[in-house]
Amino acid sequence: MASGCPAAFGDPSEVREGFLCPLCLKDLQAFRQLQAHYEEQHSGEDRDVRAQLRNLVQKAKRAKKKLLKQEDDDRTGSGSQEQYESFSYGGVDPYMWEPQEVGAMRSHLSEFKKHRAARIDHYVVEVNKLIIRLEKLTSFDRANTESAKIRAIEKSVVPWVSDQDVPFCPDCGTKFSIRNRRHHCRLCGSIMCKKCMEFVSLPLASKLTSASKEALGSHTSPNSSPSSVHGSRRGSISSISSVSSVLDEKDDERIRCCQHCKDTLLKREQQIDEKEYTPEIVKLYEKLRLCMDKVDQKAPEYIRMAESLNAGETAYNLDHANDLRVEIQKMYEFIDALSKKILSLGLHEDPQPHPKILQLQRMIRYSATLFVQEKLLGLMSLPTKDQYEELKKKRLHRQVALETQGKQEEKQKEFISISASAVNGDETHIKKGTVRKSEGWLPTSSISRESERADPLLQQIDNITSFIKQAKAANRIDEVHTLQENLMQLQEEYDQQQTLKAIELSKKQAEEEEIQREELQVLREKEWKREHHKFMSQHSRTRSLDFREVKQHLDVTLIREDTRGDTSFETPAVEQLQAKEHMTFTLRPQNAPQCDKDQDQPACLNPFEDEADTPQVEEDPTNPFAKDTSPVVSFSNTAQQSDKKEYNPFESEEEDEQSNGAPGSTSNPFEEDENPFEKPGGSWNSGNPFEEGSSINPFEVEDGSEISGEEAIEEELLLQQIDNIKAYIFDAKHSGRLDEVEVLTENLKELKQTLAKQKEKSNC
Amino acid sequence: MNAVLAVRQYVSKMIEDSGPGMKVLLMDRETTGAVSVVYTQSEILQREVYLFERLDSPNREPMKHLKAICFLRPTKENVELLVQELRRPKYSVYFIYFSNVISKSDVKALAEADEQEVVAEVQEFYGDYIAVNPHVFSLNLLGCCRGRSWDPAQLTRTTQGLTALLLSLKKCPMIRYQLSSEPAKRLAECVKQVITKEYELFDFRRTEVPPLLLILDRSDDAITPLLNQNMYLNFAEIGTNIKNLMEDFQRRKPKEQQKLESIADMKAFVENYPQFKKMSGTVSKHVTVVGELSRLVAERNLLEVSEVEQELACQNDHSSALQSVRRLLQSPRVSELDAARLVMLYALRYERHGSSGLPALLEELRGRGGTDRYRKLVSAVVEYGGKRARGSDLFSPKDAVAITKQFLKGLKGIENVYTQHQPLLQETLDQLIKGKLKDSQYPYLGPNTLRDRPQDIIVFLIGGATYEEALAVFNLNRSNPGVRIVLGGTTIHNTRSFLEEVTAAGFRGRSTDSSQVPPRSSSRR
């Protein structure tokens with residue numbers, strides 16, 4: 001009741017507070033959930049950890065109580081008193097009772113096994129006896145042996161019950177006579193009438209005997225001997241069949257037996273079949289779980305890294321974090337694709353699978369979706385290389401600032417400080433002014449020159465931005481104004497251009513998709529046909545997802561990126577290509593220039609996006625890796641297409657669209673993924689006048705970089721928000737909350753506008 | 001002592017034991033209920049349980065790639081079905097858990113059916129009850145008694161449920177029961193019998209103060225399930241919740257508009273977006289519920305009805321009560337059930353009053369039209385929970401302290417006219433906690449008695465508990481340090497189901513016009 005209202009609402013500024021699981025650091029909103037989560041996820045783990053947790057739980061409980069009381073106070077202040085009053089009574093809310101050990105339990109397994117063993121022994125002996133006899137009966141060439149001899153052998157295998165002892169058929173009760181003759185079971189020797197008689201065919205016999213041989217592990221004569229029996233038998237049929245038809249009593253292709261023996265053998269056969277058969281769903285599911293396990297393993301590691309990096313610490317390597325991020329992202333893609341594949345299994349077979357099987361597939365898909373939703377949103381983004389440098393510097397400066405502050409105080413005590421600081425201030429001021437004025441406004445003086453813009457408009461915007469900065473620094477307010485107007489116009493122009501382009505692109509995209517879909521349809525039909533030809537194993541191999549293959553592909557794309565990064569001439573071209581590749585339609589092109597503007601870096605080609613948009617890459621004739629990627633693509637597309645044909649409660653219509661859009665939008669959180677070849681830019685930065693000043697005057701540096709650092713972070717923050725919102729959009733689309741998607745998109749637009757405004761402000 | 005957690009842990013353990021792989025959960029009707037109240041579908045999905053099947057469902061498809069977790073009551077039918085299942089297994093492995101004690105012969109029958117060796121586990125996990133809340137459980141049994149004695153089948157089931165609860169909470173209690181109730185005594189004896197028989201199972205770590213099981217009978221307090229109080233408590237709670245929610249919501253709303261101005265705000269917004277979304281959903285849900293509630297309240301004149309109910313239950317002014325009831329009976333807006341309820345309350349309250357207006361009220365009830373059923377029920381309820389049946393005095397205060405309390409209450413005035421009534425259970429438990437509950441009325445089973453004040457208390461109501469009592473127990477838990485109380489009932493009642501319970505018990509009421517209950521030849525003393 002009272003605990004139902006989570007107190008976790010408050011502070012957005014807190015980093016990782018709330019009810020975190022001490023083992024997996026999952027945030028669980030409320031104490032009770034944490035408790036439940038723990039007892040579920042970690043109850044099997046170490047005792048020590050448990051004890052530790054219990055300790056923690058106590059603390060958490062105390063904290064929670066305190067919190068609630070505090071909230072109580074708050075509420076009293078705001079006028080509603082009744083809410084948590086009862087907490088002061090001193091008893092314990094049943095929802096907060098101590099964790100308890102698992103209730104009593106009692107196992108009957110040993111007794112069960114004892115009874116079963118007795119039974120099974122009997123059963124196994126029975127089956128084995130039959131199979132040994134069966135082997136004896138089939139180990140000679142029946143077709144080429146005289147019937148009398150066969151009978152002799154048969155009688156030697158199992159003693160036949162004498163005719164006189166059995167006046168009636170034990171199964172149906174009819175009296176035996178000259179007409180209704182007695183027949184003997186060759187496996188147990190019992191007697192039955194003709195009607196009750198069954199046969200074991202030789203192929204079945206060989207299947208049963210060879211399987212048990214394998215089970216026994218006798219490698220000396222595995223499949224070869226029974227199959228050779230086959231061969232000789234087949235060869236002889238034609239010559240002898242005429243004779244055997246005359247001699248009714250002679251069975252050269254089958255062995256007579258009673259119903260009971262046949263039943264036992266058939267059961268055995270079923271067991272053999274099941275042992276060998278692994279359904280497709282199991283294979284896919286195992287892969288799916290593998291991916292999930294990997295995510296569970298890597299995600300906490302990544303979060304740890306990202307947190308540390310975002311704080312500007314140097315404990316982890318940014319590149320490693322990026323690699324890890326891409327890897328995890330990849331896993332999500334696999335999970336999505338695999339679960340879709342599972343969902344669509346068997347939907348095209350003629351008798352539709354049993355509804356329960358379909359339900360199973362839907363549930364697996366649903367749980368995979370839940371998994372992705374839950375975990376994907378928790379992945380925070382990484383700073384870019386530049387931002388990271390900033391963060392590091394900021395952190396350093398904070399430390400330096402603390403030190404210098406201390407020093408300053410000392411100095412003040414020594415009565416030197418006032419004059420010295422005044423001189424310092426003047427000096428730098430003059431310096432700044434003069435340097436700038438003499439040089440005039442250089443385009444991109446403080447910005448990496450590497451960021452060559454594909455679009456002349458963008459270039460111009462960049463130039464003007466840097467003019468404004470310089471003008472501002474030189475206190476030329478009128479110039480700043482005119483320049484800003486200019487900039488606004490340019491930006492408007494550019495935005496319009498981009499929107500047009502985006503519309504065009506999306507049209508093109510739709511067309512291309514249509515074509516692809518048709519092609520894929522044809523392909524898939526072919527595949528199905530093939531499947532009907534029962535090339536099952538081979539087929540499934542081609543279709544199933546091979547991780548190594550994809551990983552290779554990933555590596556390849558990374559390498560490709562490398563080469564591109566080195567030759568900066570190529571960058572514009574690739575960028576354009578990238579723009580084409582984007583499937584997020586209007587969202588993306590709008591966003592892209594802004595990212596560029598703000599971050600002053602070429603938007604890097606995200607390897608992950610590459611993968612998602614492979615159809616386009618495939619078309620690229622220069623791409624030597626098209627072959628590598630195509631299996632993945634066709635795979636995911638078939639899955640997609642089949643989605644359309646079935647009713648799926650978890651996915652609404654736009655799920656299909658989603659699967660196209662999703663890779664694009666999922667990739668977005670990684671947009672600012674850092675280009676490892678920004679380093680040249682970084683080193684360029686070190687040449688900027690701010691830095692130079694820093695070596696001279698420690699105080700000045702602190703101010704200057706502090707401001708620019710803050711700005712950078714705010715922008716970064718905005719970008720992060722944009723990414724977050726995109727993730728929400730993805731999530732919302734996934735679960736089909738259309739209205740939400742709309743609202744979020746609206747929000748996204750607003751955010752982007754703010755970003756632009758922010759940019760302006762920072763220029764003022 | 002957390003009932004929900006106890007069942008949850010059992011289910012978690014089952015899933016854990018079965019290892020990785022796709023799983024199906026095979027249950028029967030009752031265990032389905034027990035599992036579904038402690039685990040949500042999405043939670044259990046995350047643990048690779050993808051299908052939920054009833055063992056008796058005819059159209060289950062063989063799926064050899066699934067592991068089956070069977071959670072079943074150890075009934076004859078279930079064992080038989082399971083034997084069939086094991087003869088021709090539909091799944092690859094079976095992990096079998098019975099929710100209660102299973103006989104050795106049944107284990108043997110199962111073992112002999114398992115020729116294909118598909119069974120990997122056979123255990124008893126005592127989740128044989130519905131864990132409604134951490135401190136409330138139910139057995140979902142309606143109509144547990146015939147007249148004043150147990151329906152034998154229901155007695156067995158109740159004993160099983162209650163012992164299962166004790167086992168799942170690892171409590172081996174001392175037992176007290178309500179002397180005036182034959183069923184309470186029977187049940188106490190049955191539970192004791194099981195504890196004695198399965199002494200190995202009940203061999204738990206001893207605590208300083210042994211836990212206590214108190215068995216009561218619904219017929220001692222037939223008033224509580226007839227009151228609408230519950231609804232008003234909920235109503236009030238929803239009201240305050242909405243108020244808080246709205247405050248929170250409104251506090252956030254302007255922020256949303258501000259967000260473009262400050263980036264920190266924006267960040268907060270985005271981070272809280274899912275919560276925000278959830279919150280707006282919650283707000284609208286609550287508003288809808290309250291809207292509907294208030295519509296019903298207005299339509300059926302419930303506020304006034306409730307006020308009279310409380311007056312009947314808590315005050316001692318016959319003439320004004322009679323007048324109020326009469327007035328409401330004439331109102332066409334008062335529903336048939338509400339009208340009948342008022343008459344029932346009057347009948348219970350002023351059962352032996354000199355100038356009883358009951359015949360006239362019944363006449364009026366008839367005049368309102370409608371079915372005979374409720375009218376008959378009036379006398380049935382009196383028969384069920386009238387003075388004759390009660391062991392303790394429901395209405396007049398028992399001792400000087402209580403009299404003073406009521407007197408003071410009268411002086412202070414009543415805070416909320418709609419929630420004056422306190423269930424009898426509250427008083428009983430209060431005395432129990434203080435160690436003042438009379439041994440003469442609630443004797444111990446067996447020679448041992450508790451010296452100290454009890455700490456862990458399990459109280460069980462034959463004939464069903466109510467949510468009002470659940471709330472009372474909740475508040476007692478919160479207000480008494482060191483005391484933990486779990487409330488259970490054969491079911492959880494509202495007025496309607498309570499009336500069904502009374503009907504099922506066989507009290508039909510012989511004559512519609514007379515409040516006179518014909519003397520029953522029962523085993524009661």
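Here is the naming used below: chain letters follow the sequence lines, and residue numbers restart at 1 for every chain. Values below: every heavy atom of this structure, side chains too, minus hydrogens, waters and symmetry copies.
Across every non-hydrogen atom of Phe204(B) and Leu166(B), the tightest pair is CE1-O, 4.3 Å.
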Please output the side-chain donor-acceptor pairs of residues 111-119 of chain A that fall under 3.5 Å, not counting sequence neighbours, one pair per line with the distance.
unit_1: Arg116(A); atom_1: NH1; unit_2: Asp114(B); atom_2: OD2; d: 2.4
unit_1: Arg116(A); atom_1: NH1; unit_2: Val119(B); atom_2: O; d: 2.9
unit_1: Arg119(A); atom_1: NE; unit_2: Glu115(B); atom_2: OE2; d: 3.4

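Listed options Val282(A), Ile357(A), Leu360(A) were ranked by heavy-atom pairs under 4.5 angstrom with chain B; first place goes to Leu360(A). Chain A forms the most heavy-atom pairs under 4.5 Å with one residue out of Leu169(B), Asn59(B), Leu476(B), Val473(B), and that residue is Asn59(B). Chosen from Gln41(B), Lys13(B), Glu53(B), the residue pairing most often with chain A at heavy-atom distances under 4.5 Å is Glu53(B). Among Val486(B), Ile485(B), Ile15(B), Val24(B), the residue with the largest count of heavy-atom pairs under 4.5 Å with chain A is Ile485(B). Most heavy-atom pairs under 4.5 Å with chain A: of the set Gln46(B), His65(B), Lys64(B), Met22(B), this distinction falls to Met22(B).
Using a 4.5 Å cut-off between heavy atoms, Ala120(B) contacts chain A through its backbone alone, with no side-chain atom that close. Residue contact with chain A, scored on non-hydrogen atoms closer than 4.5 Å, is absent for Lys171(B). For chain B, the nearby parts of Ile364(A) are the backbone and the side chain; heavy atoms of each come within less than 4.5 Å. Of the atoms belonging to Gln361(A), not a single heavy atom falls under 4.5 Å from chain B. For Ile102(B), the parts sitting under 4.5 Å from any heavy atom of chain A are the backbone and the side chain alike. No part of Phe98(B) comes within reach of chain A, as not one of its non-hydrogen atoms sits under 4.5 angstrom from that chain. For Val38(B), no part lies under 4.5 angstrom from a heavy atom of chain A.
For Tyr366(A) and Phe371(A), the gap between ring centers reaches or exceeds 6.0 Å. Taking the six-membered ring where the residue is Trp, the centroids of Tyr129(B) and Phe137(B) are separated by under 6.0 Å.
Here the rule is side chain to side chain contact (heavy atoms under 4.5 Å, CB included) with His354(A), and of Arg60(B), Met63(B), Glu61(B) only Glu61(B) fits it.
Look at Arg484(B) and Glu98(A) and you find no salt bridge, because none of the NZ, NE, NH1 or NH2 atoms lies under 4.0 Å from a carboxylate O. Under 4.0 Å is where a charged nitrogen must lie from a carboxylate oxygen, and between Glu200(B) and Arg106(A) no such pair does. Look at Lys108(B) and Glu112(B) and you find a salt bridge, because one of the NZ, NE, NH1 or NH2 atoms lies within 4.0 Å of a carboxylate O, short of that distance.
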